[in-house]
Chemist: 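Questions regarding the structure given below will be posed in turn.
These numbers come from a predicted model, not from an experiment. We count ligands from 1, going down the list as the structure has it; atoms in each ligand are counted the same way.
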Amino acid sequence: MDCEICGRGEAVAIVLIEGAKMGTCRRCFPHGKLVYNLKDEPAKEKIISTKQQQETEEIVETFGRLIHNKREVLGLPIAVIAERINEKESYLENIERGHLKPTLTVAKKLEKELGVKLIEKVVEEVGSTASPSASKDVTLADFVVIDKKKK
Ligand SMILES: [Zn+2]
């Protein structure tokens, strides 16, 4: 924003000149009554969303069945898979039976080894509840909705 009086300097303050609010540079602002300093004013119009989208990876619920079925199709014994991905056979047995949920690392190894999809990406909205103004915040999603309603 340029100074509205001389048009040359960068506006640093809002002053009242003959009833009109004008942005003025450092040199011109003594001409009017200071309303506020632009440099001190917090950017009110700035929309900052406290909500953040966090992408997490989750093991699919049916991991045991998926691993078992695929292993059957490939005709590979658990022992072979265990050796290939460097995990204990008993551990894999438990995973296949659904008794144990594999860690993401193990699931990724199994995905690669067996060619099955065991991990799904879940997008979560993480909102800060600490800020009392959080409810006023407009998220990008809200914008989209508003936009659609207009049309
Ligand atoms: Zn000026």
Chemist: If only atom types and distance count, is the side chain of Lys112 paired as donor or acceptor with the main-chain N or O of Leu114 below 3.5 Å?
Modeler: no
Chemist: If you draw a 6.0 Å radius around CD in Glu18, do more than 12 non-hydrogen atoms from other residues or ligands fall strictly inside?
Modeler: no
Chemist: For a 4.5 angstrom cut-off between non-hydrogen side-chain atoms, does Val106 reach Tyr91?
Modeler: yes
Chemist: Taking Val73 as the starting point, is it possible to reach Val60 by hopping between hydrophobic residues whose side chains are less than 4.5 Å apart?
Modeler: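 No; Val73 is not reachable from Val60 via cluster members.
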Chemist: Same hydrophobic cluster for Val80 and Leu74, using side-chain heavy-atom links shorter than 4.5 Å among ILVMFWY?
Modeler: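 Linked, Val80 and Leu74 end up in one cluster.
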Chemist: Taking salt bridge (Lys or Arg N to Asp or Glu O under 4.0 Å) as the test, write out the residues that go with Lys108, two or more places apart.
Modeler: Glu57
Chemist: Give every protein N, O or S atom lying under 2.8 Å from the Zn ion (ligand 1), naming each by residue and atom.
Modeler: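 Atoms qualifying: Cys3 SG, Cys6 SG, Cys25 SG, Cys28 SG.
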